[in-house]
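Following: one structure in structure tokens, then a few remarks.
We name chains A, B, ... by the order of the sequence lines, and we start the count at 1 in each one.
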2 protein chains.
Amino acid sequence: MVNKSKKEQILRVASELFNKQGIRATGVDQVVAESKVAKMTLYNHFPSKDELVLSYLKRQDEQWRDWFESSVDRRGGTPQNRLLAVYDVLGEWFVAPDFTGCAFIKTASEFSDDNHPYFVASHQYKVYLRDYIASLVEQCNVKQSQMLASTLYMLVEGAIMTYMLQTEPEAAVHAREAAQILIQQLS
Amino acid sequence: MVNKSKKEQILRVASELFNKQGIRATGVDQVVAESKVAKMTLYNHFPSKDELVLSYLKRQDEQWRDWFESSVDRRGGTPQNRLLAVYDVLGEWFVAPDFTGCAFIKTASEFSDDNHPYFVASHQYKVYLRDYIASLVEQCNVKQSQMLASTLYMLVEGAIMTYMLQTEPEAAVHAREAAQILIQQLS
DNA sequence: AATTATACATACAGGTCTGTATAGTTTCAA
DNA sequence: TTGAAACTATACAGACCTGTATGTATAATT
């Protein structure tokens, strides 16, 4: 049986490097070196860099999703409260010491061709996020729920993006205030 | 005197390739080949790929800025109308046949280190956009103008991002509706 | 006519990249 | 204890990268 901890170790180091430096900027040799692993061990667990990257994206998806949803749930309360909690959780994410921006925004930006597997994976994940917010909106009984869902989702992406670009330090707080006005106005 | 048309030619081809494929993915050899120019001609006009990229970013900035501001101005009207026109112009941009997303979002994503010259350049440009929207808001005489400016700016970035990610085909329209509600509510 | 600036084609230096080949070593279970 | 699976180290193939070197052609200027 393959030593699973080695595979985990490689994937953990690779994820960190992909997040920090980008995918194209991170070579297999660096992953090998920082994982303290032989090159053949990496290629034993991942048939190619492509597969390593796809594993990274999948893992990133699962981890972020779990963290995000459970953080929102933990704050609980009414559907409206949970909807607003989204922005509180965003704010927490932004100030985490290891915040490196959204991996999917960065990956989709680096590989912006519609048909590229990395773009497709990133797109898929963002579809989930959009639908997750839409499902929270559905529980709120508002007018124009589709438009509201779309807007709140764009506020999320906008907050992430402006925080990444370092053009809006108060992104999460302001997005929350705006969301509150919009929800209230359509209730 | 250096043949300016050659320099322009190189920069035009390079810009197209950077926009389509990304910066790291575009090699000097490809720029040379598609410019139908000798390699030494490129290096005669641009001392390094770095300088070529910085020229590309500067040019992109100037061009986009000119196009965007003049498009908003052309629609004219009251300060409020001009603020909403921002989202109409965004919508026009999205459906342009050569739309490749925001070059600065992509560049900042590909080179996300705070100190990287490409990131700094992209950041600078986005600061301009943020301030431009803030200046439109200032002319509107609203309550909480700072928060409103921040929000409307995030809606712009959010609309661009979600359109790029292909998760929100109606990004511009919905962002406009949300902006309208927010402006009205704070007037 | 001679000089200078620009662009040309080609080759290559020196480094990086992904992936493979090979041979030796550790680990662990039967 | 033996044998297979997993891991290690090293070297290298072949492609790509940026940037340079060299020598030639062309066209404008002096």
> Whole-Å distance between dG19(D) P and Leu52(B) CG?
Replying inline: 10 Å

>> From the set dT8(D), dT18(D), dC8(C), return the single nucleotide nearest to any side-chain atom of Val37(A).
In response: dT8(D)

> In terms of ring plane angle, is the pair Tyr125(B) and Tyr128(B) parallel, tilted or perpendicular, where the classes change at 30° and 60°?
Replying inline: tilted

> Looking at dT20(D), dT18(C), dC8(C), which one has an atom nearest to any side-chain atom of Tyr43(B)?
Replying inline: dT20(D)

> What nucleotide, of dT22(C), dT18(C), dA21(D), holds the atom closest to the side chain of Lys49(A)?
Replying inline: dT18(C)

>> Rounded to whole Å, please give me the gap between CZ in Arg24(A) and P in dC17(C).
In response: 13 Å

> Quick one: does NZ or CZ of Lys106(B) land under 6.0 Å from the six-membered ring centre of Phe18(B), within 45 degrees of the ring axis?
Replying inline: no

> How long is the line joining CG of Asp29(A) and P of dG15(C), in whole Å?
Replying inline: 15 Å

> How long is the line joining CD1 of Ile10(B) and C1' of dT6(C), in whole Å?
Replying inline: 12 Å

> Of the candidate nucleotides dT20(D), dC8(C), dA9(D), which contains the atom at the shortest distance from the side chain of Thr41(B)?
Replying inline: dC8(C)

> How are the rings of Phe94(B) and Tyr163(B) set relative to one another: parallel (under 30°), tilted (30 to 60°) or perpendicular (over 60°)?
Replying inline: parallel

> Nearest-Å distance, CD (Gln9(A)) to C1' (dA6(D))?
Replying inline: 14 Å

> Between atom CD in Glu51(B) and atom P in dG19(D), what is the gap in whole Å?
Replying inline: 10 Å

> Does His45(A) have a side-chain nitrogen or oxygen under 4.0 Å from the phosphate oxygens OP1 or OP2 of dA6(D)?
Replying inline: no

>> Categorize Ser35(B) for me: base, sugar-phosphate, or nothing, with a 4.0 angstrom heavy-atom threshold over every strand shown.
In response: nothing

> Among Arg59(B), Arg65(B), Lys58(B), whose salt bridge (Lys or Arg N to Asp or Glu O under 4.0 Å) with Asp61(B) holds?
Replying inline: Arg65(B)

> In whole angstroms, how far is the P atom of dT20(D) from the CG atom of Asn44(B)?
Replying inline: 12 Å

> Hey, are Glu157(A) and Lys126(A) close enough for a salt bridge, meaning a charged N less than 4.0 Å from a carboxylate O?
Replying inline: yes

>> Heavy atoms from C-beta onward define the side chain here; which of dA7(C), dT22(D), dT8(D) lies closest to that of Met40(B)?
In response: dT22(D)

> From dT8(D), dG19(C), dT20(D), pick the nucleotide closest to the side chain of Lys39(B)?
Replying inline: dT20(D)

> So which nucleotide from dC8(C), dG19(D), dT8(D) ends up closest to the side chain of Lys6(B)?
Replying inline: dC8(C)

> Ile23(A) has an atom CD1; how far is it from atom P of dT18(C), in whole Å?
Replying inline: 12 Å

